[in-house]
Structure formats: structure tokens, C-alpha cells
Amino acid sequence: MADKPAYYITTAISYPNGEPHIGHAYEYISADVMARFKRLDGYETFFLTGTDEHGQKMQQNAEAQGLTPYELATRNAEAFKKVDDEVLDISYDRFIRTTDPDHYEASQAIWRRMVEAGDIYLDKYAGWYSVRDEAFYTEGETEVREDGVRCAAETGTPVEWVEEESYFFRLSKYTQPLLDFYRDNPDYGGPRSRFNEVIRFVEAGLNDLSISRTTFDWGVPVPKDLTESETSLDHVMYVWVDALTNYLTGAGFPDTDSERFKKFWPADLHLIGKDISRFHCVFWPAFLMSAGLPLPKRVIIHGFLHNAGEKMSKSVGNVVAPEAWVETYGLDAVRFFLLREFPYGQDGSYTHDAVVSRKNSDLANNLGNLAQRSLSMIVKNCDGAIPQPGEYDDADRQILQQAESLLQISRDAYEVQEFHRALERTWYVLGEANAYFAEQAPWKLKNDDPERMRTVLYVTAEVIRKVALLIQPVMPGSATQLLDALGVPASGDAGATNASNTGPRSFAAYADQLAPGTSIAKPKPIFPRHEEPEEG
RNA sequence: CCGGGGUUAGCUCAGUUGGUCAGAGCAGAGGACUCAUAAUCCUUUGGUCGUGGGUUCAAGUCCCACACCCCGGACCA
């Protein structure tokens with residue numbers, strides 16, 4: 001087999017300091033959909049996700065619960081992994097934990113490279129530090145509350161005066177190189193509006209960055225041989241240094257000569273939330289420049305989900321657990337809703353009614369019912385097998401052509417992570433297919449012109465086949481059922497390493513056609529309408 | 001305080017360089033059909049395009065001011 005092109009995609013790694021909510025699910029699902037699309041489209045895809053387990057916050061929480069940091073991290077990491085595996089059907093190839101041994105090795109290796117580049121120096125840091133935010137604030141960014149506690153003005157978290165020896169990264173040196181990089185790679189960050197904000201931040205000039213801590217030890221140690229000549233203190237890396245490096249670890253770093261690294265680095269896409277765009281668009285490329293490593297090709301920044309317009313927060317009590325939604329609406333309806341409803345990159349506001357509306361109108365009515373009515377007619381009127389079509393007329397050719405065009409439209413949309421646009425066009429074609437079916441009225445042709453009826457049913461089923469192929473990334477389970485119902489043979493090795501669905505069909509099958517004579521079973525509804533639970 | 005984005009039918013939103021741009025989907029109303037998950041198809045009701053000015057033969061579409069919302073950033077200890 002010829003070598004397939006590689007595609008390396010990552011999510012942000014989660015800080016496992018609580019329960020995963022629907023916002024986490026949004027990120028995992030969108031990355032999963034992107035990864036599945038690329039797999040089906042013939043790429044050798046590597047999809048990395050995981051947890052970010054270091055830092056003072058974890059250490060303190062663990063102590064409070066009488067656990068070691070590693071025990072706490074393990075417990076919480078397993079909760080996140082479980083959501084990926086058992087709730088959302090995320091087809092990741094590796095679930096990385098920043099406590100994994102190879103990650104320590106990678107983090108120390110990139111640190112060493114940055115030292116060799118002359119970009120790390122020892123100095124003293126003094127400032128107001130928020131443990132909760134893992135960030136320093138200038139005096140001006142803090143305020144004293146009525147109870148006398150000094151807090152970060154923006155986040156309201158308590159800060160403490162910290163004066164400590166620290167290693168610094170010469171971020172200031174990379175101000176101009178970064179601006180040059182942005183200019184030469186205008187698609188590095190997306191959507192454009194968010195990328196612009198990052199650029200403006202850099203244009204204001206960058207300060208050097210404190211990248212080590214000595215006041216706690218829950219982190220990747222800075223290699224002792226690099227520090228012993230200048231300090232007797234033990235330094236651990238600032239969490240973001242090791243967190244970002246997880247993307248390299250996943251690619252096999254520091255073994256830069258390995259097949260794996262050569263194949264998958266630089267990453268094709270980092271998919272992240274808008275809260276951490278600066279780390280991925282400023283610090284990360286600067287670290288990589290310093291380390292002499294290629295920069296990732298793109299960072300896509302998604303928005304946040306709001307509950308009926310309100311921010312999700314524990315205190316308001318409107319946090320949605322992924323399990324709850326999946327149980328209420330079904331996994332595929334949830335996946336579809338999240339990607340279809342919101343323009344990717346913008347914040348979105350969800351309501352129960354909005355989810356139900358998508359599930360019923362788009363899935364049950366426009367797609368599910370079209371499949372059901374056409375397949376039922378085939379079973380009843382074509383001897384239970386895909387019929388042999390006759391000559392196509394203009395109407396046939398037109399709807400087939402519209403379905404045909406969806407593959408390229410979807411590729412273009414996925415390339416810039418405009419998932420909503422791909423789905424919108426797909427459902428537009430389904431609307432046309434429903435109109436075609438009603439116009440042709442095969443139930444009338446049954447007696448007048450059976451051959452014409454068979455052609456109409458064949459064309460309709462073929463349109464559904466193409467749509468089903470394309471929506472596999474979004475709704476793997478349902479799409480597979482649909483393709484099974486159409487008697488489409490499974491193809492390729494496009495499956496995810498831990499996918500629970502069976503028989504994905506690669507997009508190579510797009511150029512095929514339904515095989516007349518393939519027997520099909522009496523169809524069962526694949527996309528049920530939403531049923532409200534009984535009151536009380 | 002500075003910068004960016006937004007404010008278009010009941011709801012969610014499209015609207016390129018100013019001239020069929022007043023649109024789509026959902027919801028609502030009427031009709032058709034019966035193959036189908038009471039689904040589908042056709043027709044249709046809704047808007048002075050945030051407010052007030054201005055430029056222009058012509059402005060959601062450009063300019064100015066104002067109001068409200070969102071996002072960045074600065075400052076305010």
C-alpha cells in the first residue's frame with residue numbers, strides 16, 4: 001500500500017480538577033469529528049487528547065483530600081477518559097497524561113534545547129501569584145476585597161506575594177520573529193478575529209516569562225545537571241511549559257529521527273478553547289522556535305457554550321454533564337447538534353428546545369424519514385433489493401449532482417473547521433432530495449410506470465448513501481446503521497483504534513454507486529423523534 | 001479609558017467591492033399527498049435592517065455621534 005498522508009490533531013489537555021462538562025465534550029467531539037473525517041478521507045491520522053496533571057493547584061487539592069497528587073490526578077484523569085470512551089465515543093489514538101514517563105523525557109528535552117539556544121536564564125521573580133489561576137498578576141491587576149483578602153481583579157481569586165528564584169524564558173526576543181511568522185502564516189490561528197487579538201497582544205511587546213517554580217515539587221523537574229552550577233534549589237517547570245510539550249511527546253519527541261516524529265511533526269491542528277489562545281499562539285511557537293523545531297500548522301480556537309445565554313457555572317447550577325445529554329437525546333443527536341447549531345469559533349447558547357428541534361427537524365424528519373420512506377418502498381416494491389435504475393432524466397441528474405458536490409464542499413469546510421457549513425449544505429441537499437421524492441411521487445409510479453419508480457427509488461437511495469458516507473464523522477453510529485441498511489459494503493481500515501462502531505466506509509466509496517440487486521432488510525427508523533419523559 | 005466585533009422577521013442567524021438585499025432555517029397559517037418516524041411537498045403571514053444625523057442619483061451595505069451587548073487590552077494599589 002502506498003503511504004498515506006499524515007494528519008496529526010490534538011485537543012487541549014484538560015486540567016482534571018473536576019467533572020467534565022458539556023464544554024469539554026464540545027471540544028472532544030469537534031476534534032473527534034475532524035479526526036474521523038481525515039481518517040475516512042485517506043489520511044493516517046493521529047489524534048491526541050489527555051490530561052494536564054501538574055501544578056500547585058493539584059498538589060494543594062490532593063493534600064486537602066488526603067491523597068498524593070498522582071492519586072488525585074489518576075482518579076480524575078480516569079473520569080475524563082471514561083467520558084471519552086463510554087459516553088462520547090471519542091476515537092483518540094492516545095490519551096496522554098502529563099505524568100507519563102515519556103512526557104517527562106520530552107519536557108526535559110525541550111527545556112534542554114531552549115537552554116542550548118541561550119533562551120533560559122536564572123533570575124528572581126516577585127509578584128502577586130494566584131494558585132487557582134496559576135498566574136502572576138501585577139499589583140494593578142489585584143484589589144483588596146472587603147474582607148481584607150487581596151484578589152486578582154479579573155478572576156476574583158486570592159493572590160499571595162511570592163518572591164522566588166525562577167528560570168526565565170527570553171520571550172521578549174521572539175516578539176519580532178512571532179510577528180513575522182504571523183504575517184507569513186495568516187492561517188496559523190483561526191478564526192481570524194481571535195487570531196487578530198493575539199497579534200495585537202504581541203505587537204504591544206512581550207516580556208520574558210517565568211517558567212520554573214521552587215515552592216512546590218509537583219511538576220516536571222528541571223534537569224539537575226542544568227541547574228547545579230548556579231543554584232542549590234530544586235526547580236520544577238511551570239505547568240504550561242510541560243503542558244504544551246505534550247503535543248511533542250505524542251509525536252515521539254525527543255526522538256526526532258524516529259519514523260513517528262518525521263511523520264507526525266509538526267502537528268496539523270491544535271484544537272483549543274478561546275481561554276488558552278495566547279499559550280498556543282504566542283508561547284508555544286516561541287518555545288518551538290527556540291528549540292529549533294517546526295511549528296504546528298494551525299491552531300483553531302473554539303468558543304464557549306452558554307446555557308440559555310448564561311455562562312455555565314457551578315454556583316448558578318446550570319452545568320450540564322455530557323452523560324445527562326447523551327442519556328436524554330442520544331449520542332449522535334448531541335454530536336450533531338453541537339456541530340450544526342453553532343458557527344465554529346463563536347460562542348454558542350443552547351436550550352433544550354434547540355436540541356430537540358435539531359433532532360426532530362434535521363435528523364428524524366429530513367434524513368431519517370427520507371431513508372425510511374424510500375427504503376420501505378424498495379423493500380415492498382423491488383423484491384427487497386436495490387433496484388436497477390433506468391435512464392436518468394434531468395431531475396435525477398440534478399439531485400445526484402448536488403449530492404456529488406457535497407464531498408468537495410465538506411472537504412473545504414472541514415479544512416478550515418467550518419463544520420456547521422458542511423452540515424448546512426448537506427441538509428440543504430437533503431431538502432432538495434425530499435422535494436425530488438415528492439415531485440416524482442414513486443408511490444404513484446408504482447402502477448403506471450414501475451421502471452420509472454425503480455429509477456426514482458434508486459436515485460433517492462444513492463443520495464442517501466452519499467450523505468450517510470459524509471456524516472460518518474459526526475454520527476458514526478447512526479451513519480453506520482444507515483449504510484448497513486443500504487447494504488453498502490464496509491471498506492478500508494478507516495476505523496478508529498478504539499471506535500465502538502463497526503464498519504466505517506472510507507470516502508473512497510464516494511465515487512462508487514449502490515449495487516443493484518443488493519438485498520436489503522425491512523428498514524427500522526434510525527433517527528427517532530425526541531420523546532419527552534413523562535412528567536413527575 | 002483604548003481597541004475589535006455585534007445590534008436584520010416570534011427564535012437562531014445569512015447578507016461579497018453601496019444599486020431585485022429586504023433573505024434562509026425553525027416556529028405560525030392555509031392547501032396537497034399518503035410512500036414514510038402525523039413525517040413530506042407547495043403556498044403563505046411576519047421586519048421603518050439598534051437610535052439620530054451625514055455622504056450619494058442610490059445605504060443593513062460608507063462616514064460621524066449615541067445606546068446596549070460581547071471579546072481583548074490598559075489603568076485604577
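Residue numbers begin at 1 in each chain, while the letters A, B, ... track the order of the sequences. All of these numbers come straight from a predicted model, not from anything done at the bench.
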Q: Can you tell me if the side-chain N/O atoms of A/Asn434 get under 4.0 Å from OP1 or OP2 in B/rA39?
A: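 So the side chain of A/Asn434 is outside the cut-off, no N or O lying under 4.0 Å from OP1 or OP2 of B/rA39.
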Q: In whole Å, measure the gap between the P atoms of B/rU48 and B/rG30 for me.
A: 25 Å
Q: With heavy atoms under 4.0 Å as the rule, sort A/Leu457 into base, sugar-phosphate or nothing.
A: nothing
Q: Is A/Asn366 touching bases, backbone alone, or none of the nucleic acid, heavy atoms closer than 4.0 Å?
A: sugar-phosphate
Q: What distance, rounded to whole Å, do you find between the two C1' atoms, one in B/rG10 and one in B/rA74?
A: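 The same atom, C1', in both gives a distance of 41 Å.
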Q: Any carboxylate oxygen within less than 4.0 angstrom of a Lys/Arg side-chain nitrogen, looking at A/Arg421 and A/Asp412?
A: no
Q: Mapping A/Lys444 and A/Glu439 onto RNA chain B by nearest heavy atom, which one lands closer to the 5' end?
A: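 Mapping each residue to its closest nucleotide by heavy atoms, the 5'-most match is A/Lys444.
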Q: Check this one for me: any side-chain N or O of A/Asn365 less than 4.0 Å away from OP1 or OP2 of B/rU40?
A: yes
Q: When you measure from the side-chain N and O atoms of A/Arg529 to the phosphate of B/rA39, is any distance below 4.0 Å, counting only OP1 and OP2?
A: yes
Q: Applying a 4.0 Å non-hydrogen cut-off, can you work out what A/Phe527 is touching in the nucleic acid: base, sugar-phosphate, or nothing?
A: base
Q: Look at A/Glu462 together with A/Lys466 and state whether they make a salt bridge at an N to O cut-off of under 4.0 Å.
A: yes
Q: Do the side-chain N and O atoms of A/Tyr238 and A/Ser166 include a donor-acceptor pair separated by under 3.5 angstrom?
A: no
